[in-house]
Protein chains: 2
Amino acid sequence: LLDNDARLAKPFEAMTRSKPPPGTPDRRRPHGGAAVGVALLGCGTVGSGVLRLLAENAAYFAERVGVPIEVRHVVVRDVNKERTADCDRRWLTSDIERVFADEAVELVVEVMGGIDAAGAAIERALGSGRSVVTANKALLAERGPRLLELARESGADLAFEAAVGGGIPIIRTLRDAFASDEVGEIVGILNGTSNFVLTRMKESGASFASALAEAQRLGYAEADPTLDVGGHDAAQKLAVLAMLAFGVRATEKEMLVEGITELGPRHFAFAERFGYVIKHLVIGRVRAGKCELRAHPALVPRSSVFANVTGSLNAIKLEGRALGPCFLSGRGAGDMPTAVSVVSDILDGARSIVAGIPGLITRGRPMKPCSHLPRGDTTTSYLISLDVADKPGVLAAITAALAEHAVSIAQIVQTRGEPDAAEVVLLTHEAREGDVMAAREALSRASFMRAPPFLLRIEDV
Amino acid sequence: LLDNDARLAKPFEAMTRSKPPPGTPDRRRPHGGAAVGVALLGCGTVGSGVLRLLAENAAYFAERVGVPIEVRHVVVRDVNKERTADCDRRWLTSDIERVFADEAVELVVEVMGGIDAAGAAIERALGSGRSVVTANKALLAERGPRLLELARESGADLAFEAAVGGGIPIIRTLRDAFASDEVGEIVGILNGTSNFVLTRMKESGASFASALAEAQRLGYAEADPTLDVGGHDAAQKLAVLAMLAFGVRATEKEMLVEGITELGPRHFAFAERFGYVIKHLVIGRVRAGKCELRAHPALVPRSSVFANVTGSLNAIKLEGRALGPCFLSGRGAGDMPTAVSVVSDILDGARSIVAGIPGLITRGRPMKPCSHLPRGDTTTSYLISLDVADKPGVLAAITAALAEHAVSIAQIVQTRGEPDAAEVVLLTHEAREGDVMAAREALSRASFMRAPPFLLRIEDV
């Protein structure tokens, strides 16, 4: 993905250089078949939804693709299990070899989930020149660049609209609407569980634990919610978007990732007092050739368009050089939104197969080579809350510690709490993350501190 | 557009039934050319932007289309006028016949504007089997269904992403992301001028006239702003979206259209007091086979995602049966956002040409036949403001008049103004538009009324 310039010098090489193994559909000849053959790997709720939508829209899709889309195999663990009416029993098999032995299968739809088996199947499908549609965000975050390379080498498509933002058409917007534009910034709310929990904490004053329990009861959070509330799921999605928008590879190591588990009612009270709402944001930017990727809770102004993205909704804002801001929001998860997105990819993939040209290739415009911004060089403004002993000289010591680390203060509010205790809340001007962390470190060692300092970044998005 | 069922019965008929005139590129054979030839009609700021983006992205587009996109003609009034560097002087001509005589031109891009000449050129291009990209919303609102029919008959594409919502990818979202879904509702802010004026009136307490003058000074409003502030531009855009989403044809006659010219500071004070923001909305819905299309100012809750769509931004919310809500916002106008959208259509159109299958055909899924909901049958809740003489019995008379017309009251606030005068503000429960209009008519004849009643619809969007 990083060698765009080399690739652009020989734009058609990718389509011709591979030697396809036997049994590979020849993508370089105009499509002569009577249908585009499809195999589904997995048939849970999303897979069943996909089969239903393909059946319901068969005539329309045949018109848009030029030939019908024909389901040929549905690979499942248990062929005897009850299936919905849209699943023809003759398609069912537990043997994935039947898919790869069938030359008429040109498009493989992976809705089985997991990393290893799904990854192996996708690699094999792409390696044999077949296009792939997947909703598997964890797999893409881990192996996305390698899979895209494989797709490019064999002249196949790899589509994954459903992997980020569920029913929000973010991937096709990046690919198609921004085709002639450059994306400078991505900001988003990409984890529905976290957003639901934060929304409930704000509305009801609930603790994190009780809001999370409610989310679990309502099916918005998994039994083990670590991936979601720890910020890791949002970071994976940001990695996928950054790969498309900026052409960079990133793992959590190159990102600043924090979850929402430390937040409590008092932080919502701060937010309210200063005119903010707490949201778990992802932020991706390229500035002066440096890429900055973060996923953490933040204070956003009450007038921000993100402030009203509530419950389990997701939202993404792209900033294009020419298009300006483009904001999308919708359901970030759910079986039917995911199925609709998978089917939109099947439609696009089938059209590309008929055209004989992969069309879903990632943004390949020449990008300036870009490296990761060191975490400490990130700049933003901060809310810092300090539990201190209420005695003379404390405020002077605090302001001196911040000044020493070049952190400039915009506002200070001091509240008396228990006897001899006070809470000092500071809003800073824009400062370097590294400087703020050093100031926090210095403050946490001061004798007047009654608890570790608490920080929230402020994002004017 | 309304005979979808008939069309679906013979899905390929449209592509084969026309007898193309001589000089027509044959779309039914796989594309054998070395490039997709393009002609631009018009070369103002949008056209120049299009040429620049095509030049900048030439290698990337060649990869995605399979062959390069080749500009062959740029039709302008004055071939001697100074042009930007991206406009090769050899392309320039003032003779549109050169376009139609050139078999290598397969895609015509209309960025000249106006109705008659642009319409004739587009009809001729489509009639000769050439695909067309246009940003001409006024033309589409007037002749869209006929042009789409023409495109369908000749197996060509008609693309118009830039015609609605400028840089917001609403058309491709309706077409691609919702390909297997059904749209039940569209709500939007589609006129940037009105939204800018309303935003300034709210922020500064300005009158309509002074906010409009500011918009004109800043280039957000035309010298003659009637089309924008009268609601007509928004209604045209709604007509285009309704054609795609619901398969209905509509002109202003079938819609409820009102502008923002009657609004003043006191209405913003009502809105503020009751927790609303005033926005000029378009609303399109299909319920029980009846289509409802409206464009008018409305009170939206402060917590609505539309409340924070400020300045000249546009926004659109689609409600999909399976996808759920999908909200998009961005720049609704401007030369570069428009050019980026035009270029994204050129890319899609060129891919379809190479595939030999029109791909941008409008949503063709079987729709239940739907007729227009009579205006009086629309239901919503209302804010009604009445300037009345302050004397005993007035409130009783008002409530009686509303009760008589089946309009139920949710809240009444009475404020004393000048001596002997009062202002009564009522919020109603959901009521029929026809009943509310009859109640207003009755009230306006009452002896205690000092001015005509004023109404604002409340939309919980």
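Side chains included, hydrogens not; waters and symmetry mates left out as well; all remaining heavy atoms used. Letters A, B, ... are given to chains in the order of the sequence lines, protein chains preceding strands, and every chain is numbered from 1.
Checked against B:Ser180 for a side chain to side chain contact (heavy atoms under 4.5 Å, CB included), the options A:Val343, A:Val342, A:Val50 give a single hit: A:Val343.
Put simply, of B:Gly330, B:Gly324, B:Ala322, B:Gly167, the one with the most heavy-atom pairs under 4.5 Å next to chain A is B:Ala322. No other option in A:Pro169, A:Ala177, A:Ser329 has as many heavy-atom pairs under 4.5 Å with chain B as A:Ser329. Put simply, of A:Ala315, A:Pro325, A:Gly320, A:Ser344, the one with the most heavy-atom pairs under 4.5 Å next to chain B is A:Pro325. Ranked by heavy-atom pairs under 4.5 Å with chain B, the list A:Glu161, A:Lys317, A:Met336 is led by A:Met336.
When heavy atoms are compared at a cutoff of 4.5 Å, A:Arg331 approaches chain B by way of both its backbone and its side chain. Using a 4.5 Å cut-off between heavy atoms, B:Val340 contacts chain A through both its backbone and its side chain. Of the atoms belonging to A:Leu318, not a single heavy atom falls under 4.5 Å from chain B. Contacts between A:Leu347 and chain B at a heavy-atom distance below 4.5 Å involve the side chain alone, from C-beta outward. At a 4.5 Å heavy-atom cutoff, the contact between B:Leu313 and chain A is made by side-chain atoms alone.
The structure places CD1 of A:Ile189 at 8.5 Å from CG of A:Leu198, a figure rounded to the nearest 0.5 Å. A distance of 9.0 Å separates OG1 in A:Thr173 from CZ in A:Arg175, rounded to the nearest 0.5 Å. If you take CZ on B:Arg302 and OG on A:Ser303, they are separated by 12.5 Å, rounding to the nearest 0.5 Å.
Heavy atoms only, all atoms of each residue included: B:Gly311 and B:Thr199 are closest at N-OG1, 3.0 Å.
Scored by the ring-ring contact (aromatic ring centres under 6.0 Å, His included) test, B:Tyr276 finds no partners at all (sequence neighbours excluded). In this structure, the side chain to side chain contact (heavy atoms under 4.5 Å, CB included) partners of A:Ser304, at least two apart in sequence or on a different chain, are A:Val300, A:Pro301, A:Phe306, A:Val461.
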